[in-house]
Amino acid sequence: LIHNLTIMAKITLVNTSCLLSFFLLLLADLYCCKEILVGGKHTAWKIPSSPSDSLNKWAESLRFHVGDSLVWKYDGEKDSVLQVTKDAYINCNTTNPAASYSNGDTKVKLERSGPFFFISGSKSNCVQGEKLHIVVMSSRGGFFTGGSAPSPAPSPALLEAQAVPPATGSASSLTSRVGVLGFV
């Protein structure tokens, strides 16, 4: 009888550990994604008053990760946000954007790593500096990776790199994490 109780206690402990691990991983996955207000304030999507006031200068101090969302607040009757290619970003080309937003409360989920380029829908605003480029890192340090030290800021060379799309049929981060639990 004592042997059976010991076995049941071990099984309960393993099940409890697996369940706790699952919830911690779920919590880590939910924690990983945050909303970032572009420019840090509701009035930031505008022509910068100086180069030091540019959104790119603001973005240099932040780390963007897959799953985060950028949020723009602006007057949708006077401006818009275009997601564009690097070439369109450099030349302020507002034709054929990858995505166009004009509702005044734009939210873009960063679903891949690599560079992202955004410009104002007003070419003259873009030419005067109303644009943003960021580099998205592939993942965050988490609960079970040893809580790694902060990643270094992305180098300008990363902006030249082409983003690599995720492999077809790849599992989501949560699915792949949960799959590991089967081995715990």
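Side chains are part of it too, since the values below use all heavy atoms of this structure and drop only hydrogens, waters and symmetry mates. Remember, predicted model here, so these are calculated numbers, not experimental data.
- Taken to the nearest 0.5 Å, the CG atom of Leu70 stands 6.0 Å off from the CD1 atom of Ile36.
- Among all heavy-atom pairs drawn from Asp75 and Glu77, the shortest one is OD1-N, 3.0 Å.
- Of all heavy-atom pairs between Ser113 and Val66, the closest is N-CG2, 3.5 Å.
- Side chains of Phe64 and Leu62 form a contact here, defined as non-hydrogen atoms less than 4.5 Å apart.
- Heavy-atom minimum distance, Lys46 versus Asp53: CE-OD2, 4.3 Å.
- Contact annotation: the side chain of Tyr101 approaches that of Tyr74 to within less than 4.5 Å [non-hydrogen atoms, C-beta and beyond].
- Distance NZ/Lys73 to NZ/Lys41: 16.0 Å, rounded to 0.5 Å.
- Looking at heavy atoms from C-beta onward, Thr85 lies out of side-chain contact with Phe117 at the 4.5 angstrom threshold.
- A single hydrophobic cluster is not seen to contain both Ile119 and Ile47; linkage of ILVMFWY side chains at heavy-atom distances under 4.5 Å, directly or through other members, places them apart.
- Remark: the Ser124 side chain and the Ser122 side chain contain an N/O donor-acceptor pair separated by less than 3.5 Å.
- Note that CG of Leu55 and CZ of Phe118 are 11.5 Å apart. Values are rounded to the nearest 0.5 Å.
- In this structure the side chain of Leu132 never reaches within 4.5 angstrom of the side chain of Phe116, judged on heavy atoms.
- Side chains of Thr95 and Asn93: a donor-acceptor N/O pair is present below 3.5 angstrom, by distance only.
- A salt bridge links Glu35 with Lys107: at least one charged nitrogen is closer than 4.0 Å to a carboxylate oxygen.
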Candidate pair Val38 and Val81, rule side chain to side chain contact (heavy atoms under 4.5 Å, CB included), full reasoning = CA-CA 11 Å; Val38 171; Val81 177; over 6 Å; no
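- Heavy atoms only, all atoms of each residue included: Gly121 and Thr94 are closest at O-CG2, 3.7 Å.
- Remark: Ser100 OG to Gln83 CD distance equals 10.5 Å, nearest 0.5 Å.
- Taking every heavy atom of both residues into account, Ser80 and Ser102 meet most closely at CB-CB, 3.9 Å.
- Between atom CH2 of residue Trp58 and atom CG of residue Leu37 there is a gap of 7.5 Å, rounded to the nearest 0.5 Å.
- Residue Val127 is not grouped with residue Ile90 when hydrophobic side chains (ILVMFWY) are merged at heavy-atom distances under 4.5 angstrom, including chains of intermediate members.
- Here the CG-NE2 distance, from Asp105 to His42, works out to 9.0 Å after rounding to the nearest 0.5 Å.
- Taking the six-membered ring where tryptophan is involved, the planes of His133 and Tyr89 are perpendicular, since the angle between them exceeds 60° and thus also 30°.
- Listed here is the closest heavy atom pair of Lys131 and Trp45: CA-CH2, 4.1 Å.
- In this structure the side chain of Glu111 never reaches within 4.5 angstrom of the side chain of Val136, judged on heavy atoms.
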